[in-house]
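Shown next, in structure tokens, is the structure this report addresses.
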Amino acid sequence: MSSEYPAREIERRWQQFWEEKGVFKTSPDPKNKYYVLVMFLYPSGDMHMGHARNYTIGDCICRLRKLQGYDVLHPFGWDAFGLPAENAAIEHNIPPWVWTFDSINLCRRNLKLLGIAYDWDREVTTCLPEYYRWNQWLFIRFYERGLAYRQEAYVNWCPRCQTVLANEQVIDGRCYRSSCAAPIEKKKLTQWFFRITSYAQELLDGLEELTGWPESVRTMQRNWIGRSEGVEVDFELDDGTRIPVFTTRPDTLYGVTFLALAPDAPLAETIAQGTPQQEAVREFCQRVLRQPEIERTAAHREKEGIFTGRYAINPLTREPVPVWIADFVLASYGTGMVMAVPAHDQRDFEFARKYRLPLKVVIQPRDRKLEPEMMTAAFTEPGIMVNSGPFDGLWSEEGIARVIAHLEAQGLGRRKVQYRLKDWLISRQRYWGTPIPMIHCPRCGIVPVPDDQLPVLLPPGVRDYKPKGKSVLAGVDEFINTTCPKCGGPAQRDPDTMDTFVDSSWYHLRYTDPHNDRLPFRREHADQWLPIDEYIGGIEHACGHLIFFRFFTRVLADMGMVSVREPCRVLRTQGMVSLAGKTMSSSKKHGVWVGPFVEEHGADCARLAVLFAAPPEKPMEWTDELVVGVKRFLARIWRLYEECLNTGVVSPDSIPVELDPDRFSAAERELYIHLNRTHQKVLQDAEGFQFNTAISALMEFLNRLYAFADRGSPVFGFALKRFVLLLAPFAPHLAEELWHRLEPGTDSLFTRRLPKYDERFLLFDTMEIPVQVNGKLRAKVTVSRFSSEAEVKAAVLNDPTVKGYIQDRQIRRIIYVPNRLINIVL
RNA sequence: GCCGGGGUGGCGGAAUGGGCAGACGCAAGGGACUUAAAAUCCCUUGACCCGUCAGGGUCGUGCCGGUUCGACUCCGGCCUCCGGCACCA
């Protein structure tokens, strides 16, 4: 009687309908805005079910909010610059943009196949000049504000990609690109940085208000920023050279027995000059710095060092202590020089034992006495200060403040807050990125490209994209040679391009005004939509993109370009999708692919499968069984509506707009209550990102519809129609098809408002009260919803089963939890 | 080592301002329809035990203890898995 569910035919028809009618175009004048953003895509080949999961989640929210009457902004774009395109270009000898746009076109087709409701008029592509010119414009604004600067430093160098990397792009000492993962080396280079550290405290404080973010991400950012409070203490070399060291333990200052410098600290180069140690120190530093970072900083590795031949004076004791170079000291943290207290710091302890340096106890535990020779590990807990001159006898935690006060009063040191976060290194020695809009003039120095000469275009006529240790653009004469905007003399362009994370740091703002050719975006437009109401993406961006875009938003707020200081109200991280135990990956060609899957099973099937399998934040394993259940669900819906409509039992005319509860039969009343409860639960769950339980509620209700005998009932028809609206965010194509069968010739159901559920009909007339005797479930008694406590107790005590358990024993207590449970304590 | 998040049937997962553990789905077993198969529909399905049936009992949410009339949920102590940071002075 009923036909097979023709998924593809239906989906094609309604996708075309939505596009023609412009159903998901963004309102130019939002009254009730809702900005749902899914992290844009790095186009690198085909799209798998991991992508489908991500974009379906966003789409489900978009459609739900639209049905609830919000003006939704749901845009999409392409994070289109980056190394893979360039590597593919080198490998296949095609320009990077060919590979990039092939991928983009493939992915756009896939997204349309899935029926994701983006407003394609707002599509953003970062590798187009109309986008990256604003990277350049913003870079110059940062430069003017002192937030972009150029500096020589030891930086992370990926020998395989032949470029520098940001700290955020070094994972376990290796290149962050999973297809590279080469061990990172340190190289001394002059590079461009963004001064994100001057926003460190703000970025930390801002986390407090981000209560809509997962706790894990907030914690990760807190640790990444890594704030510690302490003091910078000035030691002095015999010739008067100042050696400031940062410490969080000034209470141990009297226990310092040597100083240690990082091999790459600036002072390490000069300190041994003129001492007999000079040659040995130079060799040591060179040897240490040649090692890949991953080896040098491996945990539990034996520490190494060398004496410099010099001594420094402890500002409190006036005693001289030897100055060493030690490989465990980090140049990039604090001053790159530390005071060593072997008795109370484990690293210093190990180093001192190895090189037979003295150990001085200045903190004693309460319950025992430390003897320097007997110690097998540093004592790092608080205790009583000893051997510390005027501070003897103080509890060390109190001593910290006292010593700091003393140091400050004597001008020997100052309170300091130190962060682990480092400035963001943004220049890259690669081709496929935004050219840095700066000119190096032999007379005028560094000169920004004037705004009216932007964009600085990437030169297309490059023959060889292979990296050679310096930027590809440095070898393109017609690009690199230019004139100085200031003096008009010959000058050279900066040969580097920007980190692609610059592109993604403000794209959320560009979407609000995507075609602007005078500004990155207008404030009025940004303010209309920001903050992002729901941001969906992978947790791998927790300490990269998700910090960078917060930083950018704050800088832009300080520039008066936008009002919000935090870009995003609610963040949702989604779990990876794996196949046969391994994460799906386009570049590794491992996955279930969207195109073939949708052709075979349909888009609604793919959407329901990823939504129903698990809560969105959990990782999920893709299996064929996953598809069976949701496919059956779709077919069951289809069959029910076919049966009802084809037989004429239900017709568009027979469905009432309103119901009259006074005329309900008992069964109709029950169905209507189930409908309202389902409606409430689907909304609650979907708003809370629990799509799996929302869908299970829909499944349960479908089972009830099947079990309902009187299909001619107006309540049944009413329920059929409401069910379609509730289904719509999850399986929009099927819902739209059924909607038009119930209401032919009308507009898209997504232009409708979802009615409110009927609050009067959320509870059943009777309820089943579980009865416990001594905490064990023994019976269930059905009572009226309107029964008083006394009536419920009476009914329970009268129940024969319950009586059997009580017999003639004394009842000590009866605990009644209204509408939930009753417990009889004997 | 530090920080964060988990551990529930054969599987994916439900249920936490303490109150019926296992919703929904998959898989499995039995049955109906069919010449047969597919599809569909119905029943059973946490473990163990007692009972011929009807039915009844004990145990059960990583482990051990505690609080409570009552604990997957709260408290203390462990085990274990995943993720992040990791010589940060």
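Below, chains carry the letters A, B, ... as their sequence lines are ordered, and counting in each starts from 1. Predicted model only: the values in this text are computed from it and were never measured.
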| request: Could you let me know what rC53(B) is paired to, Watson-Crick or G-U wobble, both distances under 3.5 Å, or none if it's on its own? | output: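 Pair assignment: rC53(B) / none.
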
| Any-strand Watson-Crick or G-U partner of rA32(B), both distances under 3.5 Å |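 Pairing partner, where one exists within any strand: rU40(B).
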
| Are Gln418(A) and Arg227(A) close enough that a side-chain donor and a side-chain acceptor fall under 3.5 Å? |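 No, Arg227(A) and Gln418(A) have no side-chain donor paired with an acceptor closer than 3.5 Å.
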
Return the residues of [range] meeting this criterion: a heavy atom under 4.0 Å from some atom of RNA chain B. Order them by number, or give none.
| range | answer |
| --- | --- |
| residues 814-826 of chain A | Ile815(A), Val817(A), Arg820(A), Leu821(A), Asn823(A), Val825(A) |
| residues 213-234 of chain A | Ser216(A), Thr219(A), Met220(A), Asn223(A), Trp224(A), Ser228(A) |
| residues 685-693 of chain A | Asn692(A), Thr693(A) |

Are any of [X]'s side-chain N or O atoms less than 4.0 Å away from OP1 or OP2 of [N]?
| X | N | answer |
| --- | --- | --- |
| Arg778(A) | rC20(B) | no |
| Arg632(A) | rA27(B) | yes |
| Arg636(A) | rC41(B) | yes |
| Lys776(A) | rC59(B) | yes |

By ring-ring contact (aromatic ring centres under 6.0 Å, His included) - contacts of [X] (at least two apart):
| X | answer |
| --- | --- |
| Phe235(A) | none |
| Phe379(A) | none |
| Trp224(A) | none |

| Is the Phe764(A) to His674(A) ring centre distance short of 6.0 Å? |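 Distance test on ring centres: under 6.0 Å, yes.
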
| said: Taking the ring centre of each residue, are Phe612(A) and Phe691(A) less than 6.0 Å apart? | reply: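 So the answer is no for these two rings.
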
| query | Can we say Arg287(A) and Glu304(A) salt-bridge, meaning some charged N sits less than 4.0 Å from an Asp/Glu carboxylate O? | reply |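 Result for this pair is yes, salt bridge flagged.
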
| said: Using a 4.0 Å heavy-atom cut-off, does Lys618(A) contact any base of the nucleic acid, only the sugar-phosphate backbone, or nothing at all? | reply: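 Sugar-phosphate only.
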
| Considering only heavy atoms and no angle criterion, is a donor-acceptor pair shorter than 3.5 Å present between the side chain of Gln772(A) and the base of rG19(B)? |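 Side chain to base: pair present.
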
| message | Base of rA89(B), side chain of Arg249(A) - is there a donor-acceptor contact under 3.5 Å? | response |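 It does not, because no donor-acceptor pair links the side chain of Arg249(A) to the base of rA89(B) below 3.5 Å.
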
| Distance between P atoms of rU34(B) and rC24(B) (Å, rounded) |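 rU34(B) and rC24(B) have their P atoms separated by 30 Å.
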
